[in-house]
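From a predicted model like this one, the values you see are computed outputs, not experimental measurements. Because only heavy atoms are used, hydrogens play no part in the values below, and waters and symmetry mates are left out as well, while side chains stay in.
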Amino acid sequence: MTDETPLVVTDRLFFAGADAALDPDAALAMTRAALRGADDGELFLEYRESEVTALDDGKIKSAGFETDRGFGLRAVAGEVTGYAHAGEISVGALRRAAETVASIGAAGARQAEPPRATNARLYAPENPLHDLPFSARTTLLAEIDAYARGQDPRVAQVSASLLGEWQAVQIIRADGTRVADLRPLVRLNVSVVVAEGGRRETGSFGQGGRSGYAHLLDPTTWRAAVDEALRQALVNLASQPAPAGEMEVVLGPGWPGVLLHEAVGHGLEGDFNRKKTSAFAGLMGKRVAAPGVTVVDDGTLPDRRGSLTVDDEGTPSGRTVLIEDGILTGYMQDRLNARLMGARPTGNGRRQSYAHAPMPRMTNTYMLGGTDTREAMIASMTRGLYAVSFGGGSVDITSGKFVFSANEAYLVENGKIIAPVKGATLIGNGPDALTRVEMVGNDMELDPGIGTCGKSGQGVPVGVGQPTLKLSALTVGGTAA
């Protein structure tokens, strides 16, 4: 498959089936008929293979393999979208979909220009699911279990899972443009439970990206994942209840960027700003963050979980500077919202599958590094919280208010880390929090490749990242009496 272009591969997947009447020319003709008079739209064809193998407490508890194939047909007239999809690719199904979306009527406008072409390939096209037999996956998970239990007698339970996916897409536009992409995605998850004196605590770690399994099979890689999960569990085993109140906060590098993703990133997506439901609406060119804060969304990073050679509308991914030195400079755009806002698409039109219409979504969203050191930030704190890793959280896009729980955090007093704490939550407002950044670290990291972003019922893989940051104050919710 390596020598074949994505277009050749996807032609074989979508047009070499039992319905011989459907070929690229027929698909194009029906797409043109459906989009006649529309401002924009496309036929999105998708084939997906996915597998998961999970171990818990020394036994394989689940294993699955799925394939899915279908299409979504979209016509856009003004702000109105007509969308139809089917779990089969055939002349009959496509004809019925075309009749449905054509009912939105003509917009009377000139059809939007097609996406620009690209020769970039940000990840290898090979299907990783064909390279690792089930026996090899179960052997790896068993080795992970044995290694974790051998590291510390307090290990009471080990869970691990290996996930793989291969997605092939082709996008056909009424102007005859055809764009294809082949997208691998793998992930390893490890969770360790430790017990001592009647207390049990958990630590977890995961990693992955748009590649094959080879990296995850390397003992250096999976042992490091186990070591990190165990370290976090042991830290939590020694933790004390977290204090509460407004205090200084230092956020660690890498995965804590999930707070930036939720509290700020969603508010910089084009649809929320066009509809003026974002806390950032109408602030283009204004200061929204402290000097030194630069935030970008970059879908062009090779092999990263959130990267895309082209988005789900066929637009090549890009690097969009959202906030530069504290000034709001850009939004993430799909084609519909870019057209209505008089902007250009940024390669952020994404969808969960053929059953969903695209919308503006993040890819890899992160803050650039500065010049400060983590040690200097900790030393500057009178009393505060050093948050290293986060779990779940939520944000209100309109107000910008967020709540996040910390998986690993430490109490800091007079420049010294005193003790790990449990049950800490960070409460604040995204735009306000950005203005409270006092120090930006020189240690920017991306997360290890585990993020999935939810929006309007759709989940897509994403990346996050940031350097160590010091905020002058945030509200910390705690469990200390």
Side-chain angles (χ1 to χ4, degrees), residues 205 228 232 235 239 242-267 288-296 322-323 326 364-395 400-413 415 417-418 420-448 450-451 462-478:
F205 187 77
E228 177 58 23
Q232 188 181 108
V235 166
S239 64
E246 187 171 273
M247 61 186 72
E248 299 169 292
V249 172
V250 170
L251 305 176
W255 177 243
V258 68
L259 190 151
L260 179 77
H261 168 104
E262 294 288 356
V264 177
H266 280 298
V288 296
V293 173
T294 296
V295 180
V296 303
L322 305 170
I323 298 172
N364 303 297
T365 309
Y366 55 93
M367 184 185 297
L368 300 189
T371 59
D372 297 302
T373 66
R374 167 188 169 277
E375 292 75 18
M377 295 183 207
I378 298 295
S380 72
M381 298 173 74
T382 301
R383 186 172 189 272
L385 189 77
Y386 172 40
V388 178
S389 181
F390 286 100
S394 62
V395 62
K401 293 180 180 178
F402 62 81
V403 178
F404 272 86
S405 60
N407 284 344
E408 181 183 351
Y410 300 85
L411 176 66
V412 179
E413 291 184 351
I417 294 177
I418 302 301
V421 295
K422 181 177 175 62
T425 58
L426 296 185
I427 305 165
N429 176 284
D432 176 65
L434 286 182
T435 67
R436 300 186 181 205
V437 175
E438 287 186 334
M439 303 172 78
V440 180
N442 59 4
D443 56 352
M444 200 288 286
E445 293 180 11
L446 296 172
D447 79 283
I450 59 175
V462 295
V464 300
Q466 67 173 40
T468 301
L469 300 175
K470 183 189 177 188
L471 288 79
S472 59
L474 276 182
T475 299
V476 176

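- Contact annotation: the side chain of Val293 never approaches that of Thr435 to less than 4.5 Å [non-hydrogen atoms, C-beta and beyond].
- Residues Val250 and Tyr410 form no side-chain contact, since every pair of their non-hydrogen atoms from C-beta on lies 4.5 Å or further apart.
- A distance-only check finds no donor-acceptor pair linking the side chain of Trp255 to the backbone of Pro448 [under 3.5 Å].
- In this structure, Val264 and Ile323 have side chains that are in contact, with non-hydrogen atoms separated by less than 4.5 Å.
- The nearest pair of heavy atoms linking Ser380 to Lys470 is OG-NZ, 2.9 Å.
- Proximity of Leu469 to Val440: side-chain heavy atoms (C-beta onward) are separated by under 4.5 Å at one or more points.
- Between Leu251 and Leu471, the closest side-chain pair of non-hydrogen atoms falls below 4.5 Å.
- No donor-acceptor pair under 3.5 Å is formed between the side chain of Gln232 and the backbone N or O of Phe205.
- Of the possible donor and acceptor atoms, none in the side chain of Asp447 sits under 3.5 Å from a partner among the backbone N and O of Gly254.
- We find the NE2-CG distance between His266 and Leu260 to be 11.0 Å, quoted to the nearest 0.5 Å.
- Inter-residue side-chain proximity for Thr365 and Val462 is flagged as unmet; no heavy-atom pair is nearer than 4.5 Å.
- The main-chain N or O of Pro467 is never found under 3.5 Å from a side-chain atom of Asp443 such that the two would form a donor-acceptor pair.
- Not one N or O on the side chain of Glu445 forms a donor-acceptor pair closer than 3.5 Å with the backbone of Thr468.
- Separating the CG atom in Leu474 from the CD atom in Glu246 is a distance of 8.0 Å, to the nearest 0.5 Å.
- Of the candidates Glu248, Arg374, Met377, Arg374 is the only one forming a side chain to side chain contact (heavy atoms under 4.5 Å, CB included) with Tyr386.
- No side-chain heavy atom of Glu413 sits less than 4.5 Å from a side-chain heavy atom of Met381.
- Within the model, atoms CG of Leu259 and CE of Met367 stand 9.5 Å from one another, a figure rounded to the nearest 0.5 Å.
- Between Phe402 and Glu262, every side-chain heavy-atom pair lies at or beyond the 4.5 Å cut-off.
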